[in-house]
S.K.: 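Got a structure for you, questions after.
From a predicted model like this one, the values you see are computed outputs, not experimental measurements. Index from 1, following the sequence.
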Amino acid sequence: MIEGAAVNVKDFGAVGDGVTDDAAAIQLALDSGASAVFVPQGTYRCDSTLTIPKNVSVFGEGPQSIFDFSNATTLTDDECIRTAEGSYTALPALNTAIDRGDTTITFASAPSVSPGDVIVIYNDTDGSWSDWRSEYRAGEQVRVMQVSGNTVTVDGVLHDDYAIADVDLYKATNFTQCRIANFKVIANKSIASNNIDGFVLRTAIDSVIENVIVDQASYTGISIERCFNA
């Protein structure tokens, strides 16, 4: 997240005149391998979804740095700008049930985790957290503090009870760490799906969104999904 190493979207062909479709040029900047991408003042028409790769930060010069999706007719997963999807590595099953307030997790065998890793506890049963909606499933994320054999000490405490048979455990892998700051997104609320997200921070750890304005998004302006310490 070092902004001094940033590349400028205009160096990749973005125009910022509000007329030219700059999505492809901006995506080239995002995919360039730079750790940060700078978006100077201008209106950057984008007719397709922008995906920010792992560990790439994006920053502009405030609300005068505009990503304009108002002419887009279709967007991937109805999202204007999003971070790339992370992944999960399966861990061994629990050896003992977790009780609310516990500070350790005991696995059936030694888990492949190290201090600083994030463990995901997940119950895939529909409505296991709340039957209000089927997708409300029980689980939480915790950071590893110490590993001793099959036992992991976590940062803080566990917030719920989990039976051995009810949950699977995973290590968060390929999650992004980024800073997203100082720009405006204009969505297109007229897209037929009517479920448009302006910006989606997905599968991120220790990441920041600041001074990001989203207008005309028909579903969510900013969505934070499956993130830890965002």
Side-chain angles (χ1 to χ4, degrees), residues 1-3 5 30-31 33-36 51-58 77 82-181 199-210 222-230:
M1 296 196 295
I2 302 173
E3 293 182 0
L30 294 171
D31 294 337
S35 62
T51 300
I52 303 172
K54 178 186 174 184
N55 298 337
V56 175
S57 295
V58 178
D77 297 326
R82 63 187 185 175
T83 54
E85 183 80 40
S87 57
Y88 301 87
T89 300
L91 295 173
L94 291 175
N95 185 64
T96 57
I98 294 173
D99 294 324
R100 184 179 304 173
D102 281 352
T103 59
T104 60
I105 300 173
T106 304
F107 292 83
S109 58
S112 180
V113 295
S114 302
D117 286 341
V118 172
I119 291 174
V120 180
I121 304 166
Y122 180 56
N123 184 333
D124 66 0
T125 303
D126 287 352
S128 53
W129 181 73
S130 169
D131 59 10
W132 184 252
R133 290 184 178 176
S134 61
E135 58 265 36
Y136 289 169
R137 302 183 183 104
E140 58 188 278
Q141 301 180 101
V142 291
R143 195 188 299 271
V144 176
M145 292 292 290
Q146 183 179 338
V147 182
S148 178
N150 296 5
T151 301
V152 171
T153 302
V154 303
D155 183 10
V157 300
L158 280 301
H159 293 283
D160 210 343
D161 303 322
Y162 302 102
I164 295 173
D166 289 346
V167 294
D168 296 309
L169 293 97
Y170 303 89
K171 180 173 72 173
T173 54
N174 295 319
F175 274 36
T176 191
Q177 183 181 15
C178 60
R179 176 174 176 258
I180 307 297
F199 178 79
V200 182
L201 181 71
R202 181 178 286 118
T203 52
I205 296 176
D206 299 332
S207 296
V208 174
I209 304 172
E210 58 182 334
I222 297 174
S223 178
I224 300 176
E225 301 179 4
R226 288 172 287 143
C227 295
F228 185 86
N229 193 34

S.K.: Residues in side chain to side chain donor-acceptor pair (under 3.5 Å) with Gln141, at least two apart?
M.R.: none

S.K.: Are Val142 and Ile105 side-chain neighbours, meaning at least one heavy-atom pair lies under 4.5 Å?
M.R.: yes

S.K.: Looking only at heavy atoms, what is the nearest atom pair of Leu91 and Phe107, with distance?
M.R.: CB-CE2, 4.0 Å

S.K.: Measuring from atom CD of Glu225 to atom OG1 of Thr83, what distance do you get when rounded to the nearest 0.5 angstrom?
M.R.: 8.5 Å

S.K.: For a quick test of reading the model, state the closest non-hydrogen atom pair linking Ala34 to Val56 and the distance between them.
M.R.: O-CG2, 3.6 Å

S.K.: Which distance, rounded to the nearest 0.5 Å, do you find between the CZ of Phe228 and the CD of Gln177?
M.R.: 12.0 Å

S.K.: For Asp166, which residues count as a side chain to side chain contact (heavy atoms under 4.5 Å, CB included) partner, sequence neighbours excluded?
M.R.: Asn123, Ala163

S.K.: Out of curiosity, Cys227 SG to Asp206 CG, how far, rounded to the nearest 0.5 Å?
M.R.: 10.5 Å

S.K.: According to ring-ring contact (aromatic ring centres under 6.0 Å, His included), who are the partners of Phe175, at least two apart in sequence or on a separate chain?
M.R.: Tyr88

S.K.: What are the two closest heavy atoms between Ala97 and Ile164, and how far apart are they?
M.R.: N-CG1, 3.6 Å

S.K.: Working to the nearest 0.5 Å, report the span between OG1 of Thr151 and CD of Gln146.
M.R.: 10.0 Å

S.K.: By side chain to side chain donor-acceptor pair (under 3.5 Å), which residues pair with Asp124, not counting sequence neighbours?
M.R.: none

S.K.: Return the set of residues passing salt bridge (charged side-chain N to carboxylate O under 4.0 Å, His left out) with Asp126 (not counting sequence neighbours), or none when no residue passes.
M.R.: Arg137

S.K.: Of the non-hydrogen atoms in Ala138 and Ser128, which two are nearest, and what is the gap between them?
M.R.: N-OG, 2.8 Å

S.K.: Is there any salt bridge (charged side-chain N to carboxylate O under 4.0 Å, His left out) pair reaching into residues 82-111, and which pairs are they, with sequence neighbours excluded?
M.R.: Asp77-Arg82, Glu79-Arg82, Glu85-Arg202, Glu85-Arg226, Arg100-Asp160

S.K.: Applying side chain to side chain donor-acceptor pair (under 3.5 Å), name anything that partners Asp168, two or more places apart in sequence or on another chain.
M.R.: none

S.K.: Find out whether Thr153 and Ser148 are in side-chain contact, i.e. whether some heavy atom of one side chain is under 4.5 Å from a heavy atom of the other.
M.R.: no

S.K.: Looking at every non-hydrogen atom in both residues, tell me the closest pair between Ile121 and Leu169 and how far apart they are.
M.R.: CG1-CD2, 3.9 Å

S.K.: Taking atom CD1 of Ile224 and atom CG of Leu201, what is their separation to the nearest 0.5 Å?
M.R.: 6.0 Å

S.K.: Looking only at side-chain N and O atoms, does Thr106 offer a donor or acceptor that is under 3.5 Å from a partner on Asn95?
M.R.: no

S.K.: Can you find a pair of side-chain heavy atoms, one from Ile98 and one from Val167, that are under 4.5 Å apart?
M.R.: no

S.K.: Just grab all the ring-ring contact (aromatic ring centres under 6.0 Å, His included) pairs involving residues 112-132, residues at least two apart or on different chains.
M.R.: Trp129-Tyr136

S.K.: Pair up each side-chain donor or acceptor in residues 108-120 with any protein partner under 3.5 Å, not counting sequence neighbours, and list the distances.
M.R.:
residue : atom : partner : partner atom : Å
Asp117  : OD2  : Ser114  : N            : 2.8

S.K.: Is there a donor-acceptor pair closer than 3.5 Å between any side-chain N or O of Thr173 and the backbone N or O of Ser87?
M.R.: yes

S.K.: Do the non-hydrogen side-chain atoms of Ile209 and Ile222 ever get within less than 4.5 Å of each other?
M.R.: yes

S.K.: Using the test side chain to side chain donor-acceptor pair (under 3.5 Å), find all partners of Thr203 that sit at least two apart in sequence or belong to another chain.
M.R.: none

S.K.: If the condition is side chain to side chain contact (heavy atoms under 4.5 Å, CB included), which residues does Ala84 pass it with, not counting sequence neighbours?
M.R.: Thr51

S.K.: Considering residues at least two apart in sequence or located in another chain, which fulfil the side chain to side chain contact (heavy atoms under 4.5 Å, CB included) criterion with Thr103?
M.R.: Val157

S.K.: Determine whether Ile205 and Arg143 make a side-chain contact, defined as any pair of heavy atoms from C-beta on separated by less than 4.5 Å.
M.R.: yes

